[in-house]
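Let me begin by presenting the structure, written as structure tokens, before commenting on it.
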Amino acid sequence: MSAQNPAAGGPVVDGPHDPEHDPRASYALEPDYTAALTARVLATSGTSAEVRSPLDDAPLAHIPQSTDADVAEAFARARRAQVAWSRTSLDHRASLLLRLHDLILDRQDEIIDLIQLESGKARKHAFDEPLHVALTARYYARTAHQHLDTRRKIGVVPGLTRVEVNRIPKGVVGIISPWNYPFTMALVDGLPALLAGNAVVAKPDHQTMLSALLAVELLEQAGFPKDLWQVVAGPGSHIGPEIVGRADYICFTGSTATGRLIAQGCADRLIGCSLELGGKNPLLVLRDADLEKAAEGAVRASFSNSGQLCVSMERIFVADQVYDRFVERFVARTEALTLGATLQWGNDMGPLISQQQLETVTAHVDDAVAKGARVLTGGRARPDLAPYFYEPTILEGVSPDMTCFGHETFGPVVSLYRFHDEADAIARANDGQYGLNASIYSRDGERARAIAKLVKCGTVNINEAFAATFASLDAPMGGMRESGMGRRQGGEGILRYTETQSVATQRLIRFAPQLGMSDEAYAKMMTANLRLMKKLGRP
Ligand code: NAD
């Protein structure tokens, strides 16, 4: 039976089921649709890898696998395309981003279907992805000149030395992305790279290739030249090093362990990289917090996308005075979540993406419970809902000997800790090697902002879980310490893809003794000059 997705209108072949009564409904995709998408992978190996849906474990597609030679060819094509692209006007490139913005909003149902099918996430969390990419496209299109225009700088001799700084594209950027936000992560870092005049070779995660390939189709539909964005497929450990070996810059999002390998590869070649890595993010509920707001935010912070979110909260520190009242509200709200594995709107949380994720989450909770932690809610797998479903889980009594105390779970598991004084809470929030995202709930914004400066995280959200910083595109986003290097978003998010070039035009004088002047007289004159410039207040 072939039909449109009843929730949306996308290319889903709707299995013989009633999703309202059969949460284990089987979904599939039109073969022509997947064939058109997978044809965009540059791959000649003749082998393919199967992608299955975590909603029902049904096969979705076979993805052709790339060889090292394919990666080399992808870079060759991208390099040729980049030369012509870098000569197009900034206004033209920005106009294509605005067209992409509209296309993404127009085709959002199809995009969301595919994201859900590949990742299993609830529809409302899948919607965050086109939303974020559209926001990014618009932000960079509208701020292109602000970031990339040639800038005048102060010349050494006032009026006689004209200095300009140009932003030159790096060339071909390698983008290696994870599965947790398959559409956003595949596309969002590449948009500023394109705007700055680069080409891209992308290697999305093998579990979520279709969403990334749909992104490429949208780029082409928006008018970006065909060869400008190449996609290769395969296990990161196989073709990843080949990408690092050929790119002019690497943008990597994924685990800290892989990020370290990427950084080593880039160091060998003396190329730059930005690394968006893991976290063990803390949320602080201060004694003057609005507890309803804090509990609502804590639920989103901990269980959005089943906790498979880099900026997700896995540690909540609550002031003694409000601990019991907060916990009561937090647990009640968590237990009220609608769990489900369907394409319909209305679910608050979907399954994990894979057996591997389920095993990690189960191991973290079982280890904590075996060592004395208490489960306030959740704490078990739900195979009745989907193969890799795990309940939203709140733990209390987690201690440093438990794995989930300091290691990222990357699942729907959060630990609660009581604190007596704020200095202690800040110190405990700063404990460990990560520093990605933090959240502070307090009615006193000024005090919360002062505390934010003491928290070693690249983003801090006050009275919000994570969306306020993540969606504020003008502000940089990224991790301190082992959560990353470099930033996405804002000026830093685009300037990383450029080389700075300083051009100085000198007139009338030269930087050497003139008209028979001795070196000594020249040195004296320059010394007097320096003293004068300082007196005049010159920088
Ligand atoms: P991962 O590091 O295993 O994989 C990420 C990507 O790297 C995939 O495309 C993978 O194929 C590729 N890869 C794997 N080994 C490679 C190698 N040797 N060389 C080159 N590429 C290689 O990460 P994961 O476990 O799939 O993703 C989850 C992690 O990503 C979590 O730690 C999460 O916190 C992090 N993450 C961070 C952000 C952020 O913005 N900071 C966003 C999303 C996810």
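Computed from a predicted structure; not experimentally measured. Remember, it's 1-based here, ligands and their atoms both numbered in the order they're listed.
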Report summary line: Residue, atom and distance of the protein heavy atom nearest atom 40 (O) of ligand 1 read Arg488 NH1, 2.9 Å

Query raised in the report: Who's the nearest protein heavy-atom neighbour of atom 4 (O) of ligand 1, and how far?
Result: Asp205 OD1, 4.4 Å

Query raised in the report: Backbone or side chain, does any N or O of Thr253 fall under 3.5 Å from an N or O of ligand 1?
Result: no

Query raised in the report: Any nitrogen or oxygen of Lys203, main chain or side chain, under 3.5 Å from a nitrogen or oxygen of ligand 1?
Result: yes

Query - Contact partition for His206 relative to ligand 1, non-hydrogen atoms under 4.0 Å - result: neither

Requested in this report: Measure Ala257 to ligand 1 on non-hydrogen atoms and call it side chain, backbone, both or neither using the 4.0 Å cut-off.
Outcome: neither

Requested in this report: With heavy atoms under 4.0 Å as the rule, classify the contact between Val311 and ligand 1 as side chain, backbone, both or neither.
Outcome: neither

Show which side-chain atoms of residues 169-184 pair as donor or acceptor with protein atoms under 3.5 Å away, not counting sequence neighbours.
{"from": "Lys170", "atom 1": "NZ", "to": "Glu499", "atom 2": "OE2", "distance (Å)": "3.2"}
{"from": "Asn180", "atom 1": "ND2", "to": "Gln308", "atom 2": "O", "distance (Å)": "3.2"}
{"from": "Thr184", "atom 1": "OG1", "to": "Glu129", "atom 2": "OE1", "distance (Å)": "3.3"}

Requested in this report: Provide, to 0.1 Å, the distance between atom 39 (C) of ligand 1 and the closest protein heavy atom, together with that atom's residue and name.
Outcome: Cys310 SG, 3.2 Å

Query raised in the report: Partners of Arg138 by salt bridge (Lys or Arg N to Asp or Glu O under 4.0 Å), sequence neighbours excluded?
Result: none

Query raised in the report: Can you tell me if Thr403 and His407 form a side-chain donor-acceptor pair at under 3.5 Å?
Result: no

Query raised in the report: Does the side chain of Tyr388 come under 3.5 Å of the side chain of Glu359 through a donor N or O and an acceptor N or O?
Result: no

Report task. Among all protein heavy atoms, pick the one closest to atom 32 (O) of ligand 1 and tell me residue, atom and distance. Result -> Glu408 OE1, 2.7 Å

Query raised in the report: Counting N and O atoms only, with roles assigned by atom type, does the side chain of Asn430 sit under 3.5 Å from a partner on the main chain of Val455, one being a donor and the other an acceptor?
Result: no

Report summary line: Closest to atom 17 (C) of ligand 1 among protein heavy atoms sits Gly236 O, 3.4 Å

Report task. Report yes or no: does Gly484 have a heavy atom closer than 4.0 Å to ligand 1? Result -> no

Query raised in the report: Within the distance-only criterion (no hydrogens, no angle test), does the side chain of Ser274 pair as donor or acceptor with the backbone N or O of Gly486 below 3.5 angstrom?
Result: no

Query raised in the report: Does one side chain, of Arg488 or Thr136, offer a donor that lies under 3.5 Å from an acceptor on the other?
Result: no

Report task. Considering the heavy atoms of Ile176, write down every atom of ligand 1 situated less than 4.0 Å from one of them. Result -> 6 (C), 7 (O), 9 (O), 12 (C), 20 (C), 21 (N)

Query raised in the report: Closest non-hydrogen protein atom to atom 44 (C) of ligand 1, residue and atom name please, with distance?
Result: Asn180 ND2, 3.6 Å

Query raised in the report: Does any N/O atom on Met477 come nearer than 3.5 Å to any N/O atom on ligand 1?
Result: no

Query - atom 1 (P) of ligand 1: nearest protein contact (heavy atom, Å) - result: Ser255 OG, 3.6 Å

Report task. Tell me, please: is Phe252 in heavy-atom contact with ligand 1, that is, under 4.0 Å? Result -> yes

Query raised in the report: Hey, are Thr409 and His364 close enough side-chain-wise for a donor-acceptor pair under 3.5 Å?
Result: yes

Report task. Record the part of Phe410 in heavy-atom contact with ligand 1 below 4.0 Å; permitted values are side chain, backbone, both and neither. Result -> side chain

Report summary line: Within 4.0 Å of some non-hydrogen atom of Ser177, the atoms of ligand 1 are 6 (C), 8 (C), 9 (O)

Query raised in the report: Looking at Ser237, which atoms of ligand 1 are within less than 4.0 Å of one of its heavy atoms?
Result: 15 (N), 16 (C), 18 (N)

Query raised in the report: Which one holds for Leu436 and ligand 1: side chain close, backbone close, both close, or neither close, with close meaning a heavy atom under 4.0 Å?
Result: side chain

Query raised in the report: Looking only at non-hydrogen atoms, which of Ala233, Gly240, Pro178, Gly254 approaches atom 30 (O) of ligand 1 most closely?
Result: Gly254

Report task. Determine whether the side chain, the backbone, both or neither of Leu277 has a heavy atom under 4.0 Å from any heavy atom of ligand 1. Result -> backbone

Query raised in the report: Which residue owns the protein heavy atom closest to atom 25 (O) of ligand 1, what's the atom, and how far is it?
Result: Trp179 NE1, 4.1 Å

Report task. Compute whether any side-chain donor of one residue and acceptor of the other, for Thr342 and Asn347, lie under 3.5 angstrom apart. Result -> yes

Query raised in the report: Counting each atom of ligand 1 from 1 as listed, which ones have a heavy atom of Thr258 under 4.0 Å away?
Result: 1 (P), 2 (O), 3 (O), 13 (N), 14 (C), 15 (N), 16 (C), 17 (C), 22 (C)

Query raised in the report: Counting each atom of ligand 1 from 1 as listed, which ones have a heavy atom of Gly278 under 4.0 Å away?
Result: 32 (O), 34 (O)

